[in-house]
Amino acid sequence: MMTSTSEGRRAKATRAPIVVGGHTRIRPFNTRDTYPEQNLDNDLCQAVIAGNTVYVRGQIGQNLDTSESVGIGDAEAQAEQAMANITTLLEEAGSRIEHLVKLTIYLIDPRYREAVYRTVGRWTKGVHPISTGLVVSALARPEWLCEIDAVAVIPEEEQA
């Protein structure tokens, strides 16, 4: 269990999962590092494993390793990066894309729907998760056009 802020900073530096409250946190970080232009200080993570369920934070057109925005102005490219991130995070959590159960897709403009949903559909072909789509006025940064969060399971035979 994490007991100090310095441990949280070390976990961020190594990207090692941490256990807090009995649940495993994948890729912990602090918002002061990811949003330096904003006055924030929240300890978060990219995914949480609770029991056999994996909850993945909303993913956007941003490289998980460098935090560099990709696909600026291109909702399809941002959806592609978001789905690649979701796939990576599920694998780090011990799950896989075929174990998705729910996606929530946020768009800042309904005209992006077809391109984003086509992209998501390529990644989830044959998986059949449930999905909720929302049009919102904005996301955390103005260059982000879509955001996708996910819930998946870790089947018993794949649990450590």
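Computation of the quantities below employed the complete heavy-atom set of this structure, encompassing side-chain atoms and omitting hydrogens, waters and symmetry-equivalent molecules.
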So which heavy atom on [X] is nearest to which on [Y], and how close?
{"X": "Ser95", "Y": "Ile154", "answer": "CB-CG1, 4.0 Å"}
{"X": "His23", "Y": "Gly51", "answer": "ND1-N, 4.4 Å"}
{"X": "Trp123", "Y": "Ala84", "answer": "CH2-CA, 3.6 Å"}
{"X": "Ala75", "Y": "Cys146", "answer": "O-SG, 3.8 Å"}

The criterion is side-chain hydrogen bond (donor to acceptor under 3.5 Å, both in side chains); which residues satisfy it with [X], sequence neighbours excluded?
{"X": "Asn42", "answer": "Thr31"}
{"X": "Glu91", "answer": "none"}
{"X": "Gln46", "answer": "Gln59"}
{"X": "Tyr106", "answer": "Asp149"}

In the hydrophobic clustering that connects Ile, Leu, Val, Met, Phe, Trp and Tyr at side-chain heavy-atom distances below 4.5 Å, which members other than Tyr55 occupy its cluster, ordered by chain and number?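 Under the 4.5 Å side-chain rule, Tyr55 groups with Val101, Val151, Val153.
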
Out of curiosity, does [Y] fall in the hydrophobic cluster containing [X] (side-chain heavy atoms, cut-off under 4.5 Å, transitive links)?
{"X": "Leu134", "Y": "Tyr117", "result": "yes"}
{"X": "Val70", "Y": "Tyr112", "result": "no"}
{"X": "Ile86", "Y": "Leu107", "result": "yes"}

Nearest 0.5 Å, please: how far is [atom2] in [Y] from [atom1] in [X]?
{"X": "Ile18", "Y": "Thr24", "atom1": "CD1", "atom2": "OG1", "value": "9.5 Å"}
{"X": "Ile60", "Y": "Glu147", "atom1": "CD1", "atom2": "CD", "value": "7.0 Å"}
{"X": "Arg25", "Y": "Arg57", "atom1": "CZ", "atom2": "CZ", "value": "13.5 Å"}
{"X": "Thr87", "Y": "Leu64", "atom1": "OG1", "atom2": "CG", "value": "10.5 Å"}

Does [X] have any side chain to side chain contact (heavy atoms under 4.5 Å, CB included) partners at least two apart in sequence or in another chain, and if so, which?
{"X": "Glu76", "result": "Asp74, Ala115, Thr119, Arg122"}
{"X": "Val120", "result": "Met83, Leu103, Ile105, Val116, Thr124, Ile148"}
{"X": "Glu114", "result": "Arg118"}

Among residues two or more places apart or on two chains, list those pairs meeting side chain to side chain donor-acceptor pair (under 3.5 Å) that have a residue in residues 125-136.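 As it turns out, the side chain to side chain donor-acceptor pair (under 3.5 Å) pairs with a partner in residues 125-136, which skip direct neighbours, are Lys102-Thr132.
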
Picking from Asn39, Asp43, Asp41, what satisfies side chain to side chain donor-acceptor pair (under 3.5 Å) with Arg32?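 Testing Arg32 for a side chain to side chain donor-acceptor pair (under 3.5 Å) against Asn39, Asp43, Asp41 leaves exactly one candidate, Asp41.
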
Would you tabulate the side-chain donor-acceptor contacts of residues 135-144 under 3.5 Å, counting partners in other chains and residues two or more places apart, or write 'none'?
from	atom 1	to	atom 2	distance (Å)
Arg141	NE	Glu37	OE2	3.1
Arg141	NH2	Thr34	O	2.6
Arg141	NH2	Glu37	OE1	3.3
Arg141	NH2	Glu37	OE2	3.4
Glu143	OE2	Ser69	OG	3.2
Trp144	NE1	Ser69	OG	3.3

For Arg27, enumerate each residue passing the salt bridge (charged side-chain N to carboxylate O under 4.0 Å, His left out) test, keeping only those at least two apart in sequence or located in another chain.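 Salt bridge (charged side-chain N to carboxylate O under 4.0 Å, His left out) check on Arg27 returns Asp65, Glu92.
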
Quick one: does Gln78's side chain have a donor or acceptor within less than 3.5 Å of a partner on Gly71's backbone?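 Confirmed, Gln78 side chain pairs with Gly71 backbone.
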
Check: Gln62 main-chain N/O paired with Asn85 side-chain donor or acceptor under 3.5 Å: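 Yes.
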
Is there side-chain contact between Asp109 and Leu145, with at least one heavy-atom pair below 4.5 Å?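 No. Closest side-chain heavy atoms not under 4.5 Å.
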
Contact between Ile26 and Pro17 at the side-chain level, heavy atoms closer than 4.5 Å - yes or no?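 A side-chain contact exists here, since the closest heavy-atom pair is under 4.5 Å.
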
